[in-house]
Peer 1: 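Got a structure for you, questions after.
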Amino acid sequence: MFYRENGQFKSSYSADQAIFPIAQDRVFVIGILLVAFCVVPFVINEYWANAILIPLLVYALAGLGLNILTGYCGQVSLGTGAFMAVGAYASFKLVGFFPEVNYLILIFVSGLVTAAVGVVFGLPSLRIKGFYLAVATLAAQFFLIWLFNKVGWFYDHSPTGMITVRPIDFFGVRVTGPEATPAAKYLFTLAIIATLTLTAKNIVRGRVGRSWMAIRDMDIAAELIGIKPLQAKLSAFAVSSFYIGVAGALYFGVYLGSAEPLEAFDINQSFYVLFIIIIGGLGSILGAFLGAAFIVLLPILMKNLMVGGFGVASGTAGHVEILLLGALIIFFLIVEPHGLARLWQITKEKLRLWPFPH
Amino acid sequence: MTADSRNEILLEVESIFLSFGGVHALSDVSFDIRKGEVRSIIGPNGAGKSSMLNVINGFYHPQEGSITYQGKRRSQMKPHEAALGGIARTFQNIALFRGMSTLDNIMTGRNTKMSKGLFWQALHFGPAKREEIENREFVEHVIDFLEIQTIRKTPVGRLPYGLQKRVELGRALAAEPTLLLLDEPMAGMNLEEKEDMSRFILETNEEFGTTIALIEHDMGVVMDISDRVVVLDYGRKIAEGTPEEVRANQNVIDAYLGVSHD
């Protein structure tokens, strides 16, 4: 086959430690990025942007954030929905306070706000693990959503209790609200996500990422090596929440346009993102994208197939779609508990020797 | 090693008492470890050997007693302090980071030598990249030394037992330790693997001048490679000295073979 790393010898540590040490991976990723940045914006329409690509990217980013915490650092969290809400409300309030500041900076600051909140709710992780920690993060979920629903200041005392995004220009191009073109929204989201993905990859392959994984795999040994559990866990909470916060801000600002906390950011959202990383693959950057593709695209595909192909009523199709998705999740978890990213890993190892079995 | 530095005391534990609830794991244990020596701690099962190592690197906090390490006396160590002070260890039951590759495991051992913050890490550029490559160079020396080049990129969870033990030694060596604590490095190994491991331990001691505290059950190995031995039984020190002295000690023979009560 064409996918071979044999014969690609590295002559420097720098080359060996590159993000994509295998030439084919490099070509593939550059190809995808070129298509995503240079081709898709010209052919994209309202449906593709709003129903498929933007939610895919936003959920991939949220998955990436949760994967940093759960997949890399081993701390289970069920508060993703609430942290997305923090990002969304922070960006909403910040745009209100500083309308003239660049939107990108405000989104970045929203991420930082979420990181701070995440660290606070991450404090219990220093004493409790596993299921117990999951319950503690559940407290964050319920408390924060209650807070955003209860305190009028957060939604500018709007009578509906909803927050609605203001029309924002980013370097003269409208990126939020109904007037924004699908291409502009898409490119804005894509640029942020591409940058943050690269950043995440850099962090997890360096010292900080290794200390997270060490804590995940064997916390006692990690501590005796000199890794401070406090620092490692809280930094994982901070970075993870930052990513989830940015995802929340984009989810609200670019994708939804208006949001109501009980609906947009409820516990289902937390589970949704958790499913993404479990199906995609815990502890894998690629996994967040594969998982998001699976969870976001498959229902759309199934629905289109059922309604368009078999003439099923769209209400019925909605129910069947949930059933099928559940069945597929169970099927995948039985076949490959380590997720889609692991399947890809196995495929790569097989291709290395193809066509010989050993 | 010159004779002078050999007599310099690196670590001294004095009348350590450690108990868990009503169980006395260690009572009144005192001994020292000199710079550059291979010091073995032996004793029957449950004698308190592993507890002793856990006290030395700060994982257990003794109720009484003091630990003097590199001239600094304290009532207990903290794990982080011990790591920064150059104490590294391996574990009786392998405690590798199973999800990570051999290379990453050993790189993690360099943790105390790396300091660049999240910002540079995120960019993977400039100082962070330089730091990563410098440490990678050292790690490659360790990998060469332990002859594990071929499993560099293999996740350690997939390695056989003997190699896992070797990777764990590598992770400890990556920290360039002053004092290396080895908790049964040869448990469950065949003769050949034991010979390899003994060779690595001795070479570490001779080439890097690393002081070694070793727990081991294989008496042949212990008598061969240690400079001095301390014997624990039921949490007490029952004998101490050179391998020859310890072998001849009646208390030791009684503890290992049992005493007739007639």
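Just the heavy atoms: all of them, side chains too, but no hydrogens, waters or symmetry mates, feed the values below. Each chain gets a letter, A, B and so on, in the order the sequences are listed, and its residues count up from 1.
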Peer 1: Taking side chain as everything from C-beta outward and backbone as N, CA, C, O, which of these in Val239(A) sits under 4.5 Å from a heavy atom of chain B? Side chain, backbone, both or neither.
Peer 2: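 Side chain only.
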Peer 1: I'd like to know which of His80(B), Lys116(B), Arg110(B), Met114(B) tops the heavy-atom pair count under 4.5 Å against chain A.
Peer 2: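 Highest number of heavy-atom pairs under 4.5 Å: His80(B).
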Peer 1: So which atom in Ala95(B) and which in Ala221(A) form the shortest heavy-atom distance, rounded to 0.1 Å?
Peer 2: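 What the structure gives for the nearest pair is O-CB, 3.5 Å.
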Peer 1: Can you tell me if NZ on Lys201(A) sees more than 12 non-hydrogen neighbours from other groups inside 6.0 Å?
Peer 2: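 Atom NZ in Lys201(A) is not crowded, with 12 or fewer foreign heavy atoms closer than 6.0 Å.
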Peer 1: Output yes when a side-chain donor or acceptor of Glu132(B) lies under 3.5 Å from a complementary backbone atom of Gly206(A), and no otherwise.
Peer 2: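 A pair under 3.5 Å: no.
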Peer 1: First locate atom CZ of Arg210(A), then atom CD1 of Ile106(B), and finally report the distance between them rounded to the nearest 0.5 Å.
Peer 2: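 Between atom CZ of Arg210(A) and atom CD1 of Ile106(B) there are 11.5 Å.
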Peer 1: Which region of Ala200(A), side chain (C-beta onward) or backbone (N, CA, C, O), has a non-hydrogen atom less than 4.5 Å from a non-hydrogen atom of chain B, or is it both or neither?
Peer 2: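 Neither the backbone nor the side chain of Ala200(A) comes within 4.5 Å of chain B.
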Peer 1: Might you confirm whether atom CZ of Phe37(A) has over 12 heavy atoms from other residues, nucleotides or ligands at distances under 6.0 Å?
Peer 2: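 Enclosed: over 12 neighbouring heavy atoms sit under 6.0 Å from CZ of Phe37(A).
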Peer 1: Where on Leu181(B) is there a heavy atom nearer than 4.5 Å to chain A: the side chain, the backbone, both, or neither?
Peer 2: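 For Leu181(B), there is no contact with chain A at all, as no heavy atom is under 4.5 Å.
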Peer 1: How long is the gap from CZ on Phe59(B) to CD1 on Ile220(A), to the nearest 0.5 Å?
Peer 2: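 Phe59(B) CZ to Ile220(A) CD1: 4.0 Å, rounded to 0.5 Å.
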Peer 1: Hey, are the side chains of Arg136(B) and Asp16(A) touching, using non-hydrogen atoms and a 4.5 Å cut-off?
Peer 2: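 Yes, side chains in contact.
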Peer 1: To the closest 0.5 Å, what do you measure between OG1 (Thr199(A)) and CZ (Phe119(B))?
Peer 2: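 Spacing of OG1 (Thr199(A)) from CZ (Phe119(B)) equals 10.5 Å.
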Peer 1: For Glu349(A), is it the side chain, the backbone, both, or neither that has a heavy atom closer than 4.5 Å to a heavy atom of chain B?
Peer 2: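 For Glu349(A), the contact with chain B is made by the side chain alone.
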Peer 1: For the residue pair Ala214(A) and Thr108(B), what are the closest heavy atoms and their distance?
Peer 2: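 In this case the closest contact between Ala214(A) and Thr108(B) is CB-CG2, 3.9 Å.
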Peer 1: At a heavy-atom distance under 4.5 Å, which candidate from Arg205(A), Arg216(A), Met213(A) has the highest pair count against chain B?
Peer 2: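 So the answer, after comparing Arg205(A), Arg216(A), Met213(A), is Arg205(A).
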Peer 1: Answer yes or no: does atom CZ of Phe20(B) have more than 12 heavy-atom neighbours from other residues, nucleotides or ligands under 6.0 Å?
Peer 2: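 Counting neighbours around CZ of Phe20(B), more than 12 heavy atoms of other residues, nucleotides or ligands fall under 6.0 Å, so yes.
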Peer 1: Nearest 0.5 angstrom please: Asn202(A) CG to Leu123(B) CG, how far?
Peer 2: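 With rounding to 0.5 Å, CG (Asn202(A)) is 7.5 Å from CG (Leu123(B)).
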Peer 1: Mark yes when over 12 heavy atoms from residues, nucleotides or ligands other than Phe108(A) sit less than 6.0 Å from its CZ; otherwise mark no.
Peer 2: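 No, not enclosed.
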Peer 1: Report yes if some heavy atom in the side chain of Glu140(B) is under 4.5 Å from a heavy atom in the side chain of Tyr13(A); otherwise report no.
Peer 2: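 Yes - at least one pair of side-chain heavy atoms lies under 4.5 Å apart.
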Peer 1: Identify which of Leu118(B), Thr112(B), Asn135(B), Leu84(B) forms the greatest number of heavy-atom pairs closer than 4.5 Å to chain A.
Peer 2: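 Sorted descending by pairs with chain A, the first entry is Leu118(B).
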Peer 1: Out of curiosity, Asn57(B) CG to Leu224(A) CG, how far, rounded to the nearest 0.5 Å?
Peer 2: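 Reported value, rounded in 0.5 Å steps: 4.5 Å.
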Peer 1: Looking at Ser115(B), Gly117(B), Pro177(B), which one has more heavy-atom pairs under 4.5 Å with chain A than the rest?
Peer 2: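 The option with the most such pairs is Ser115(B).
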Peer 1: Decide if atom CZ of Phe125(B) counts as having more than 12 heavy atoms of other residues, nucleotides or ligands within a radius under 6.0 Å.
Peer 2: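 Not buried by this count: 12 neighbours or fewer within 6.0 Å.
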Peer 1: Under 4.5 Å heavy-atom distance to chain A, tell me which part of Lys113(B) shows up: side chain, backbone, both or neither.
Peer 2: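 Answer is neither: Lys113(B) stays 4.5 Å or more from chain A.
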Peer 1: Rounded to the nearest 0.5 Å, how far does CZ of Phe97(B) lie from CD1 of Ile227(A)?
Peer 2: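 One finds 5.0 Å between CD1 of Ile227(A) and CZ of Phe97(B).
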Peer 1: Using a 4.5 Å cut-off on heavy atoms from C-beta on, say whether the side chain of Gln17(A) contacts that of Ile133(B).
Peer 2: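 Yes, at least one pair of side-chain atoms sits under 4.5 Å.
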Peer 1: Chain A: which of Glu168(B), Met107(B), Glu131(B) shares the most heavy-atom pairs with it under 4.5 Å?
Peer 2: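 Among Glu168(B), Met107(B), Glu131(B), the one with the most close pairs to chain A is Met107(B).
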Peer 1: Strictly distance-based, threshold 3.5 Å: is any side-chain N or O of Arg207(A) a donor or acceptor partner for the main-chain N or O of Gln121(B)?
Peer 2: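 Side chain of Arg207(A) to backbone of Gln121(B), a donor-acceptor pair under 3.5 Å: no, none is there.
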